[in-house]
There are 4 protein chains.
Amino acid sequence: MARASLTGVSAAKEPNPARRSQRSRRAVLEAARELVLEVGYAKLTIEAIAARAGVGKQTIYRWWRSKGAVVFDAFLALSRGGEEEPIALPDTGDIEADLKTVMRATVAEFADPRFEAPIRALTTEIINDPDLAAQYREKLAGPVDEAKKARLRSARDAGQIAVDADLDLALELLYGPLHQRWLHRSGPLTPEYADALVDLTLKALRP
Amino acid sequence: MARASLTGVSAAKEPNPARRSQRSRRAVLEAARELVLEVGYAKLTIEAIAARAGVGKQTIYRWWRSKGAVVFDAFLALSRGGEEEPIALPDTGDIEADLKTVMRATVAEFADPRFEAPIRALTTEIINDPDLAAQYREKLAGPVDEAKKARLRSARDAGQIAVDADLDLALELLYGPLHQRWLHRSGPLTPEYADALVDLTLKALRP
Amino acid sequence: MARASLTGVSAAKEPNPARRSQRSRRAVLEAARELVLEVGYAKLTIEAIAARAGVGKQTIYRWWRSKGAVVFDAFLALSRGGEEEPIALPDTGDIEADLKTVMRATVAEFADPRFEAPIRALTTEIINDPDLAAQYREKLAGPVDEAKKARLRSARDAGQIAVDADLDLALELLYGPLHQRWLHRSGPLTPEYADALVDLTLKALRP
Amino acid sequence: MARASLTGVSAAKEPNPARRSQRSRRAVLEAARELVLEVGYAKLTIEAIAARAGVGKQTIYRWWRSKGAVVFDAFLALSRGGEEEPIALPDTGDIEADLKTVMRATVAEFADPRFEAPIRALTTEIINDPDLAAQYREKLAGPVDEAKKARLRSARDAGQIAVDADLDLALELLYGPLHQRWLHRSGPLTPEYADALVDLTLKALRP
DNA sequence: GGATAAACGAGACGGTACGTCCAGTCTTATA
DNA sequence: TATAAGACTGGACGTACCGTCTCGTTTATCC
């Protein structure tokens with residue numbers, strides 16, 4: 001943010017990240033993760049996170065903008081166990097089979113009760129906070145989407161889907177229906193559903 | 001609900017809907033609608049609604065379960081101006097043209113800043129409250145979806161889409177991508193986007 | 001009150017006492033008495049009285065000015081079981097013995113836990129409501145005090161106390177100390193205490 | 001209070017008095033004092049005190065048990081302007097004159113409208129809250145009574161009152177009647193009344 | 001290695017809103 | 001027309017958290 005250096009108006013002096021306590025940071029993120037599962041996102045409070053983490057409230061306010069930012073960070077840290085190697089989807093040459101593998105896994109994840117609370121928490125936050133939505137796209141969805149698009153590109157090169165296919169749109173076609181069904185709880189999330197989505201999408205993208 | 005007679009557990013005695021003040025009901029819903037637009041859903045408070053409506057807080061708590069339920073009702077009442085005649089989509093015989101008309105309208109609606117706040121409010125609430133989600137499906141989405149499916153059915157009878165097409169899935173294919181893009185703000189909502197969605201969906205559903 | 005006839009300003013029309021439901025009146029007073037004992041005066045509510053009595057709240061507001069008025073009436077009705085024959089103190093000719101009899105009884109009454117709650121309720125109300133205090137003096141304390149003064153007058157005529165003794169003051173001398181000790185819980189209420197008060201008072205009043 | 005260590009039941013963690021804001025404390029007490037005078041004890045609310053004092057409600061609830069406790073503290077702080085030197089009554093050697101001086105002052109105080117509200121407030125609270133009554137005896141009445149008893153003791157030593165006189169009872173004889181008359185508004189509070197009380201009491205205590 | 005400055009835990013603070021309770025008024029339907 | 005029932009506006013209750021603000025207490029460079 002570095003407001004001071006940019007504007008010269010600074011009132012709130014910036015904390016020095018070099019001196020940040022990693023112990024506290026980790027305790028906060030872990031407490032946030034636990035509490036989202038225990039009480040749900042809506043009933044999650046900064047106060048409870050601080051207490052559970054054994055951390056002063058100020059420490060949280062010092063390093064995060066909002067409750068949403070903490071939760072976001074918590075699941076960001078979780079989803080990438082720190083690893084940095086690029087994500088890659090299976091590529092057997094058979095785009096249909098590969099996509100079904102991936103979509104079945106995704107559907108299973110969405111149907112898993114243990115993912116329920118955190119994903120809903122994240123989604124709630126993203127809806128109303130454009131900043132977090134941007135971060136989400138950049139840090140979480142982005143890399144994954146890139147991997148998916150890479151696989152689609154490879155299929156396009158292999159002539160399995162139309163050369164002029166809009167890959168962003170293709171992803172939306174795959175994941176949008178699933179996301180909506182999950183969000184509105186408007187139907188079952190089964191492997192068959194995953195397969196059907198892949199079939200339809202591939203038919204739509206056919207050359 | 002008549003909880004008493006069903007469960008014998010009831011302690012909170014049910015209010016008698018016959019004696020409900022319509023004046024208060026309407027004032028609350030209108031205040032809720034105004035305030036969602038003015039301050040957004042997250043900063044909306046029951047207290048503010050009561051004050052704006054000139055109503056005791058208890059009157060709100062007596063008739064609605066939560067802030068979400070009030071807002072939901074507010075937009076439910078709004079979306080159906082009381083009319084009861086069934087919703088119907090245009091049917092010129094040309095499914096592509098008809099769907100494009102409808103989707104362009106929908107996309108425009110989602111892009112309209114005046115719809116922004118209420119739809120996000122509704123979505124936020126639906127994510128975390130299965131009850132409201134069910135009500136949403138039944139009272140708001142349901143009738144509209146039924147009309148859409150009727151149009152698709154007519155197209156199917158005309159041989160424009162596959163006889164074995166799953167119409168629920170078809171709807172998800174049309175609206176899921178749009179909804180996701182809007183929610184995540186991951187791309188522009190233009191008439192071209194609407195057209196592209198229709199094109200892809202119809203291709204996927206082709207006999 | 002008859003505000004209408006006196007001022008011609010009346011807005012609130014007076015209820016007609018002739019049509020008053022004696023059943024409701026009695027139910028209210030009994031409920032008030034019970035509830036004072038159960039929850040104490042401070043936590044007593046009109047609503048609870050109405051509910052317990054099986055009476056509409058309006059019926060209470062129609063016939064009583066305040067919670068205090070109801071409680072007052074309740075104990076007024078109780079203290080005089082409806083009887084109207086004048087109260088009289090024992091008169092054996094021995095003022096000391098007679099007063100000790102009476103004072104011991106009074107002290108016992110104040111010390112009795114069953115009298116605790118109602119008397120404190122009454123006193124609380126009287127402190128802050130001059131109207132009720134006046135009613136108290138007139139309807140409850142008055143007749144009793146008159147009886148006490150009659151006995152003292154008889155003693156004065158018998159030459160047992162000074163001819164110029166102020167009988168009102170004499171009563172205060174007898175009952176004020178007791179009342180204060182009870183109110184402040186600043187000492188035990190025993191028969192010996194009663195006797196000591198009588199001894200001192202009589203010594204003070206001696207010719 | 002250290003309830004935890006004594007009972008092991010405590011859940012509510014005790015605030016740390018060392019960190020208490022003296023600024024807030026004083027503002028609350030002053031606001032309470034003002035408001036009792038302006039609206040009376042019965043209509044006094046914690047909310048109003050907090051607002052007037054510019055203090056959060058929680059700050060009041062953190063440090064006082066009840067409205068009564070605040071008001072009590074307010075007048076406790078007032079009555080002893082912080083001074084700690086022991087209270088002493090005049091001792092000219094003439095017990096009658098000295099007592100009349102003191103009682104006339106007390107009577108005047110009770111008759112003073114500015115004392116009316118606070119004393120009634122205090123009394124109301126004391127009647128129904130044994131804890132506050134105990135505090136009252138200990139912190140307010142106690143020291144004063146001790147001073148009065150010291151004066152009576154000196155009179156006893158001088159042979160002006162009986163050697164076996166019960167001094168607590170003597171005080172009740174002096175102040176009980178006054179207190180009752182004031183409370184019930186059953187008679188005028190004049191200097192003559194004060195004198196009469198002293199005369200009677202001294203006659204009762206005469207050797 | 002001791003000084004010193006930042007981040008830290010703790011938690012009190014002024015506030016806002018919560019959801020509940022009750023006051024006192026108003027409305028409806030019995031009797 | 002008085003009543004029982006109970007919905008209404010209004011306002012205080014006591015609680016929960018917010019985000020800010022001291023407090024000492026670590027902790028981590030810099031002299």
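Sequence lines set the chain letters: A, B, ... in the order given, protein chains first and strands last, and positions in each chain run from 1.
For B:Arg62, the CZ atom is densely surrounded, since the number of other residues' heavy atoms within 6.0 Å is greater than 12.
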Give the intermediate values and the outcome of salt bridge (charged side-chain N to carboxylate O under 4.0 Å, His left out) for residues A:Asp129 and A:Arg65.
CA-CA 11 Å; A:Asp129 186 336; A:Arg65 294 197 325 37; 3.3 Å; yes
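Between C:Arg20 atom CZ and F:dA4 atom P the separation is 11 Å, expressed in whole Å. Between D:Lys43 atom NZ and F:dC13 atom P there is a gap of 14 Å when expressed in whole angstrom units. One interatomic measurement links the two molecules: CD1 of A:Ile46 to P of E:dA10, which rounds to 16 Å at whole-angstrom precision. The interatomic distance linking C:Gln22 (CD) with F:dA2 (C1') rounds to 13 Å, in whole Å. D:Arg23 has its CZ atom 13 Å from the C1' atom of E:dA12, to the nearest Å.
Taking every heavy atom of residues 47-61 of chain A and every atom of DNA chain F, pairs under 4.0 Å involve A:Glu47, A:Lys57, A:Gln58, A:Tyr61, by number. Taken residue by residue, residues 24-40 of chain A places heavy atoms nearer than 4.0 Å to DNA chain E at A:Ser24.
In this structure, the side chain to side chain donor-acceptor pair (under 3.5 Å) partners of A:Glu38, at least two apart in sequence or on a different chain, are A:Arg52. For the salt bridge (Lys or Arg N to Asp or Glu O under 4.0 Å) test, residues two or more places apart in sequence or in another chain that qualify with A:Glu47 are A:Lys57. A search for salt bridge (Lys or Arg N to Asp or Glu O under 4.0 Å) contacts involving B:Arg120 returns B:Glu116, not counting sequence neighbours. The side chain to side chain donor-acceptor pair (under 3.5 Å) search around B:Ser24 returns B:Ser21, not counting sequence neighbours. C:Lys67 pairs by the salt bridge (Lys or Arg N to Asp or Glu O under 4.0 Å) definition with nothing, not counting sequence neighbours. Residues that satisfy the side chain to side chain donor-acceptor pair (under 3.5 Å) test with B:Arg19, not counting sequence neighbours, are absent from this structure. With sequence neighbours excluded, the residues satisfying side-chain contact (heavy atoms from CB on, under 4.5 Å) with C:Thr124 are C:Tyr41, D:Thr124, D:Ile127, D:Asn128. For C:Ser66, the side-chain contact (heavy atoms from CB on, under 4.5 Å) partners are C:Ala69, not counting sequence neighbours. Considering only residues two or more places apart in sequence or on other chains, A:Arg26 meets the salt bridge (Lys or Arg N to Asp or Glu O under 4.0 Å) condition with none of them.
The phosphate of F:dA2 (OP1 or OP2) has no side-chain N or O of C:Arg62 nearer than 4.0 angstrom. For the pair A:Trp63 and E:dC8, the criterion of a side-chain N or O lying under 4.0 Å from OP1 or OP2 is met.
Ranked by how close their nearest DNA chain F nucleotide is to the 5' end, D:Lys67 and A:Ser66 are led by D:Lys67.
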Nucleotide-resolved protein contact map, nucleotides 23-31 of chain F, B/S/- at heavy-atom distance under 4.0 Å:
----BS---
